[in-house]
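Since the structure is predicted, the reported quantities are computational estimates derived from the model, not experimental observations. Proteins get letters first, then strands, A, B, ... in listed order; numbering begins at 1 in each.
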Amino acid sequence: MFPTPESRLRALNSRPPDPAGEWVLYWMTMQRRPGFNFALEHAAQSAVRLGRPLLILEALRLGYARATERSHAFILQGMAANARDLAGRPVFYFPYLELEPDQGRGLLAALAARACLVVADDHPGFFLPQMLAAAAGQVPVQMQAVDGCGLLPLDATGQAYPSAYAFRRFLQKELPGHLAAWPAADPLAGLDLPRLAGLPAEIAQRWPAAPAPALAAAPEFLASLPLDHSVPPAPLTGGWEAGRERLARFLAERLPRYLERNHPDAEAASGLSPWLHFGHLSPHEVFAALARQEAWGPPRLGAKAAGKREGWWGMSPPAEAFLDQLVTWRELGFNAARHLPAYDQYDSLPAWARQGLAAAAGDPRPHLYRLEQFRAAATHDQLWNAAQRQLNREGVMHNYLRMLWGKKILEWTASPREALAVMLELNDRLALDGRDPNSICGIFWVLGRYDRPFGRHPMIGPLRPMTSASARRKLRLKQYLARWEA
DNA sequence: ATCGGCTCGCGCAA
DNA sequence: TGCGCGAAGCCGAT
């Protein structure tokens, strides 16, 4: 066991630990898995040091924005997987689920009141920063956030990078120094910790652990919760076990043809983002599995890549292309969420994009749709509709089509601000990776972030255009269209 | 089938 | 100060 890297550790308050506390509390919110988890590892080591039981709280509330049966089912499946894994471990796992809005209010404070210290997941997106700040005020003992978001610690830079090229160049210089501090595959292995027999009665009565049908994400149970029932569970299973299976299948079957992933019919994309989003999979675990398959070690790192995509890691071309997604682009999204003020607001776009879009605001728009029409996949464009239907039913959308999808929404709404609102609503409500810094990053790319101008065009001004006609011409998507035509 | 132009900002070389 | 270059584009000329 290594000490938690300082660069991943953030003090949320300035209170000391209480050595007389009854347990060490790990509040699992964004890294919902037992392995490759810096925060869990840090909490476990703290528990060993203090000789106290480790209590893991994994909670799911009802009141967050756009809570659907789909997101709830995926998270609950993840909690069931964690319950299975942690049942035989030297920890007390407490899965909590609200049955009515705000039922969970006060739970963290109640558990923290008896804790030696509290460890939380650090995360720059959604409402996490505000939630962590608010929680820190209610915690009477030391509270720390641990950052397991990416291979690069969030605070390894204070800068919001303006382009993937600049960020990649930075990573090529700085990332090797962070690869030595790796999270343990199993941070609980061989730990000798006192066991907590149960929670105090007054806590257990007011906040009972999630019932079995909940963790099974049973349809009748989901139907009984006050959620958005218009978005049914996706045909994907949440949890670290399912995520790990998906990863193994991707590496074995799809990675060899990863360079063809833009063709929907090639079915070569990784499809890992739902599990990464909920922390069921760790980017460290993904990287480690890839490195093993490629028989890779740090000595193979390229000497001088200077922002180039190839020849950075010294892996096969498909593996390098995948790492550009997993590391450069994924962590660029986290970089923006952490360091770009108002990263999810329109005004955070680069000036050339905002000005160019403003200049094109008065252009005639031959097709205009409202949110409901987009959601119903009821536009004039069969390819666009097909992509929307995939999102509606599977909770994911093919990557290349996701860019086209956004570019068309920009042309088919009255203003770029409305386009942003429509994209965020559809993405965050329907996609399993909605709200992720990474999917938000894709939406803002549609609006010009990290991109460059491409002349002047009606409605979109200097933004890079994409057209369905061109996509049909250059991509293999016959089967895709047939599958999602209605 | 391939190529340049469209257009902006940045880092780096000179 | 100039130059090269950038998530995956698109169109029209050759």
Side-chain angles (χ1 to χ4, degrees), chain A residues 157 159-174 257-270 273 304-312 317-318 320-336 339-340 348-360 363 381 383-384 387 397-411 423 433 436-477 480:
Chain A
T157 173
Q159 185 186 341
Y161 282 84
S163 71
Y165 186 78
F167 186 58
R168 195 180 291 112
R169 189 185 342 234
F170 169 79
L171 287 176
Q172 286 163 348
K173 220 167 30 170
E174 293 298 321
R257 51 194 158 89
Y258 191 71
L259 297 179
E260 295 173 62
R261 69 194 176 285
N262 282 352
H263 299 276
D265 288 353
E267 299 197 1
S270 80
S273 67
K304 266 189 122 42
K308 295 270 183 278
R309 261 166 287 187
E310 312 223 330
W312 169 2
E320 298 249 342
F322 174 62
L323 284 177
D324 204 51
Q325 303 302 309
L326 179 76
V327 184
T328 309
W329 281 96
R330 181 172 177 277
E331 301 197 14
L332 187 57
F334 279 86
N335 172 261
H339 299 294
L340 182 63
S348 69
L349 286 169
W352 67 265
R354 276 182 288 121
Q355 285 160 9
L357 285 168
D363 294 350
D381 183 323
L383 179 55
W384 193 96
M397 186 189 294
H398 182 270
N399 273 5
Y400 189 91
L401 297 180
R402 205 173 188 175
M403 295 188 278
L404 175 65
W405 172 87
K407 290 288 186 186
K408 293 298 101 177
I409 291 174
L410 179 57
E411 294 181 15
M423 285 190 277
D433 67 1
D436 195 276
N438 201 31
S439 66
I440 305 285
C441 174
I443 285 171
F444 278 81
W445 176 83
V446 164
L447 299 170
R449 178 173 298 162
Y450 304 132
D451 209 4
R452 64 192 170 101
F454 278 83
R456 299 282 166 196
H457 302 90
M459 299 180 276
I460 63 169
L463 295 201
R464 179 195 301 259
M466 292 180 82
T467 67
S468 299
S470 163
R472 281 171 179 274
R473 218 176 299 124
K474 65 187 189 183
L475 298 179
R476 303 195 299 272
L477 37 69
Y480 184 91

K.L.:
So what's B:dT7 paired with, Watson-Crick or G-U wobble, going by both distances under 3.5 Å?
P.N.:
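Matched B:dT7 with nothing under the 3.5 Å cut-off.
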
K.L.:
Can you tell me how far C1' of C:dG6 sits from CG of A:Asp451, to the nearest Å?
P.N.:
8 Å

K.L.:
Are the side chains of A:Trp312 and A:Leu323 in touch, meaning some heavy atoms are under 4.5 Å apart?
P.N.:
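In short, these two side chains do not touch, never coming nearer than 4.5 Å.
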
K.L.:
Which nucleotide, C:dA8, C:dG6, B:dG9, lies nearest any side-chain atom of A:Trp352?
P.N.:
B:dG9

K.L.:
Stacking check: are the rings of A:Trp445 and C:dA7 less than 5.5 Å apart at their centres and under 30 degrees in tilt?
P.N.:
no

K.L.:
For C:dA8, give the paired nucleotide (Watson-Crick: N1-N3 plus N6-O4 or O6-N4; G-U: N1-O2 and O6-N3; both under 3.5 Å), or none.
P.N.:
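Its partner: none found.
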
K.L.:
Taking only the side-chain nitrogens and oxygens of A:Lys474, find out if one of them lies under 4.0 Å from OP1 or OP2 of C:dA8.
P.N.:
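False: A:Lys474 side-chain N/O out of range (4.0 Å or more) of C:dA8 OP1/OP2.
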
K.L.:
When rounded to the nearest Å, what value does the distance between P atoms of B:dA1 and C:dA7 take?
P.N.:
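These two P atoms come out 28 Å apart once rounded.
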
K.L.:
Select base, sugar-phosphate, or nothing to describe what A:Gln355 touches, counting heavy atoms under 4.0 Å on all strands.
P.N.:
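Since no nucleic acid heavy atom lies under 4.0 Å of A:Gln355, the category is nothing.
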
K.L.:
Please check the phosphate of C:dG6 (OP1 and OP2 only) for any side-chain N or O of A:Ser163 closer than 4.0 Å.
P.N.:
no

K.L.:
According to a strict under-4.0 Å criterion, is A:Thr467 in side-chain N/O contact with OP1 or OP2 of C:dC10?
P.N.:
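Answer is yes, contact under 4.0 Å.
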
K.L.:
May I ask you to say what A:Tyr165 touches in the nucleic acid, namely base, sugar-phosphate or nothing, with a heavy-atom cut-off under 4.0 Å?
P.N.:
sugar-phosphate

K.L.:
Side-chain donor or acceptor of A:Arg449 under 3.5 Å from a matching atom on the base of C:dA7?
P.N.:
no

K.L.:
Return the nucleotide paired to B:dC12: Watson-Crick means purine N1 to pyrimidine N3 with N6-O4 or O6-N4, wobble means G-U with N1-O2 and O6-N3, both under 3.5 Å.
P.N.:
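WC or wobble partner is C:dG2.
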
K.L.:
Are any non-hydrogen side-chain atoms of A:His339 and A:Tyr161 less than 4.5 angstrom apart?
P.N.:
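A:His339 does not reach A:Tyr161 side chain to side chain.
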
K.L.:
Using the P atom in both, what is the distance from C:dT1 to B:dT7, to the nearest Å?
P.N.:
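Rounded to whole Å, the distance is 24 Å.
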
K.L.:
Answer yes or no: is there a side-chain heavy-atom contact under 4.5 Å between A:His398 and A:Leu477?
P.N.:
no

K.L.:
Would you say A:Arg168 reaches C:dA7's phosphate, i.e. side-chain N/O to OP1/OP2 under 4.0 Å?
P.N.:
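Affirmative; the distance criterion is met.
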
K.L.:
State, yes or no, whether a side-chain contact exists between A:Pro462 and A:Gln355 at a heavy-atom distance under 4.5 Å.
P.N.:
no

K.L.:
Counting distance alone, no hydrogens or angles: does the base of C:dA8 have a donor or acceptor under 3.5 Å from a partner atom on the side chain of A:Asn262?
P.N.:
yes

K.L.:
If the cut-off is 4.0 Å, is A:Arg464 near the phosphate of C:dC11, judged by side-chain N/O to OP1 or OP2?
P.N.:
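Negative; the distance criterion is not met.
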
K.L.:
Before accepting this row, confirm whether a basic side-chain N of the pair A:Arg330/A:Asp436 lies closer than 4.0 Å to the acidic partner's carboxylate O.
P.N.:
no

K.L.:
Could you tell me the separation between the CG atom of A:Asn399 and the P atom of C:dA8, rounded to a whole number of Å?
P.N.:
14 Å

